[in-house]
Engineer: 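Take this structure first; my questions come after.
Whatever order the structure lists ligands and atoms in, that order sets their numbers, starting from 1. Being a predicted model, the structure only gives us computed values, none of them experimental.
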Amino acid sequence: MTESPPRAWAEIDLSALRHNLRIARERSGKDVMAVIKGGAYGHGLVEVARALESENLPYLGVANAGEARRLFEAGIATRPYILGATLPAEREEIAARGWTPCLCSFDEIEHFNSLGRNKPIQAHLALDTGMGRGGFLPDQLGAALQKIAAAPGIQLTGIGSHLPVADEDPNFTRQQFELFDTLVEKLPGLPDNFQVHLSNSAGLLDFQSRTANLVRPGLLLYGISPLPCHQDLLTPVMTLKSRVSIVNRLPKGHGVSYGRTLLERDTTTAVLGLGYGDGYPRALSGKNTQVLINGALCPLLGRVTMDQIIVDVTDLPHCQSGDEAELFGPRLLVTDLARKAGTIPWEILTQITPRVTRLYR
Ligand SMILES: *Cc1c(COP(=O)(O)O)cnc(C)c1O
């Protein structure tokens, strides 16, 4: 007996991932912390980490101790960096494992200092230059640095900040770079290998810092540009696929899917074995969404259901059960689907569910 193949799968092109990393390096001229939080944006936390292990990256950016632990348990040697403030209950493990936290509060400085009594903890300092999600405000920076200088349990190895509107408001972002650079330039006596970082994907594509020596791209590594004008530099890493389960001929006026969207002509439909239960957004219903079958674009008909969608294949010369369909990928950008669904590509990628088998190439 052979095991049945999956109805929906995501092909993950790891050579595209390495290509995009090369673009991030060339474009920024800086070291790269690969941001792999959110299960590497749905691409598979451990598999992506392993693919990047030979790239000599200083850090892998993760969301929390749980993601860092999965890397540890998989034997990944690259050091996890915890993006964002830590919970008190996470800090003992972070300290014991030598993961790098970014200090966002005086509480964290005190707590990590006591946890690092025997072996100092390497940590970065987070500055809030506009994100409003944690970190010291510019006028608290002096006090934070004093407190860290008086904390033998903490070795400060870097400083970072984050960009809330790098793909929306270039004027604000330019001011943010200027503020960040000015603050960093005033820091006294930094060690040579001190790590300074500000840019996410949009930041590294469009802006240059005078002081940063590290960038933190996420989306860009997966081949999706937050700014459409740079999309051609990148190769999408994930292609979401499914198969035609059945082809039906239905008369004009017949209803299709929940809610009974009425057919406007005699229609040949193909049913695909994937739906919102796989992370294909239900919000794509009725938005002129298309899928690729045998290289041709076919319109989505009616509402997306949990496990199946229906598409119009009337104009295809051939379409039969078993034919492969592409929902997004290099030829059908997840960015365009996101716009139609009223969301962002980050959300669609991270919401592809575990039912979708990831196949690594
Ligand atoms: C998620 C995240 C990034 C990566 O952002 P992209 O827009 O996906 O490149 C960088 N820095 C921080 C602090 C983040 O939370």
Side-chain angles (χ1 to χ4, degrees), residues 17 20-25 27-28 30-43 45 48-49 52 57-68 79-86 99-105 108 123-136 158-170 172-173 176-177 180 195-207 209 212-231 233-234 236-238 333-335 338 343-352:
L17 177 76
N20 300 324
L21 172 62
R22 193 159 58 244
I23 299 295
R25 283 176 160 147
R27 185 101 189 166
S28 66
K30 303 185 196 309
D31 233 356
V32 173
M33 171 194 306
V35 175
I36 63 164
K37 65 189 180 191
Y41 292 41
H43 293 66
L45 186 79
V48 165
L52 295 174
L57 303 180
Y59 300 104
L60 296 172
V62 297
N64 54 41
E67 287 189 331
R79 192 184 251 257
Y81 180 97
I82 315 286
L83 299 155
T86 56
W99 303 331
T100 303
C102 59
L103 305 169
C104 298
S105 64
E108 285 178 286
H124 287 202
L125 186 141
L127 256 179
D128 181 358
T129 57
M131 182 68 186
R133 199 173 65 174
F136 295 96
I159 186 167
S161 191
H162 194 31
L163 307 170
V165 285
D167 53 354
E168 293 176 27
D169 186 344
F172 181 85
T173 305
Q176 239 193 316
F177 270 76
F180 180 78
Q195 286 158 319
V196 178
H197 47 98
L198 176 60
S199 280
N200 53 6
S201 298
L204 93 77
L205 286 166
D206 263 358
F207 301 88
S209 156
N213 52 17
L214 185 65
V215 290
R216 302 185 313 263
L219 192 68
L220 178 160
L221 294 178
Y222 308 103
I224 303 299
S225 175
L227 303 145
C229 58
H230 299 301
Q231 183 58 48
L233 293 170
L234 306 172
V237 174
M238 182 190 291
L333 289 176
V334 68
T335 320
T343 181
I344 53 174
W346 292 261
E347 188 179 44
I348 294 187
L349 291 172
T350 52
Q351 290 190 358
I352 300 301

Engineer: How close does the nearest protein non-hydrogen atom get to atom 1 (C) of ligand 1, and which residue and atom is it?
Structural biologist: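 Nearest protein contact, heavy atoms only, for atom 1 (C) of ligand 1 is Lys37 NZ, 1.4 Å.
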Engineer: What's the shortest distance from atom 11 (N) of ligand 1 to any protein heavy atom, and which residue and atom give it?
Structural biologist: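 Checking every protein heavy atom, the shortest distance to atom 11 (N) of ligand 1 gives Arg216 NE, 2.9 Å.
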Engineer: Assess, by modelled atom type and distance only, whether the side chains of Tyr59 and His124 contain a donor and an acceptor separated by less than 3.5 Å.
Structural biologist: yes
Engineer: With a cut-off of 4.0 Å, which atoms of ligand 1 are near a heavy atom of Pro217?
Structural biologist: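 The atoms of ligand 1 under 4.0 Å from a heavy atom of Pro217 are 9 (O).
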Engineer: Considering only non-hydrogen protein atoms, determine which one is nearest to atom 12 (C) of ligand 1 and report residue, atom name and distance to 0.1 Å.
Structural biologist: His162 CE1, 3.4 Å
Engineer: Is a side-chain N or O of Gln231 found less than 3.5 angstrom from the main chain of Gly223, in a donor-acceptor match?
Structural biologist: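 Checked: pair present.
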Engineer: For ligand 1, which atoms have a heavy atom of Tyr41 less than 4.0 angstrom away?
Structural biologist: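 The atoms of ligand 1 under 4.0 Å from a heavy atom of Tyr41 are 1 (C), 4 (C), 5 (O), 6 (P), 8 (O).
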Engineer: May I ask you to identify the nearest protein heavy atom to atom 9 (O) of ligand 1, giving residue, atom name and distance to one decimal place in Å?
Structural biologist: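 Checking every protein heavy atom, the shortest distance to atom 9 (O) of ligand 1 gives Ser201 OG, 2.5 Å.
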Engineer: So, taking the atom named CD in Gln176 and the one named OG in Ser209, what distance separates them when rounded to the nearest 0.5 Å?
Structural biologist: 11.5 Å
Engineer: Would you mind reporting whether Leu127 and Leu198 have side-chain heavy atoms less than 4.5 Å apart?
Structural biologist: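 Not in contact.
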Engineer: If we only count heavy atoms from C-beta on, is the Thr129 to Phe177 side-chain gap below 4.5 Å?
Structural biologist: no
Engineer: Suppose I only count heavy atoms of Leu83 and a 4.0 Å limit; which atoms of ligand 1 are within that range?
Structural biologist: 12 (C), 13 (C)
Engineer: Would you please determine whether His197 falls within less than 4.0 Å of ligand 1 on a heavy-atom basis?
Structural biologist: no
Engineer: Should you measure from each heavy atom of Leu219, which atoms of ligand 1 turn up under 4.0 Å away?
Structural biologist: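 By the 4.0 Å cutoff, the relevant atoms are 6 (P), 8 (O), 9 (O).
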Engineer: Just by distance, with hydrogens left out, do Asp31 and His197 show a side-chain donor and acceptor under 3.5 Å apart?
Structural biologist: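 No pair is found: no donor N or O on one side chain lies under 3.5 Å from an acceptor on the other.
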Engineer: Please assess Leu125 against Glu108 for the test side-chain contact (heavy atoms from CB on, under 4.5 Å), listing each intermediate value before the final yes or no.
Structural biologist: CA-CA 10 Å; Leu125 186 141; Glu108 285 178 286; over 6 Å; no
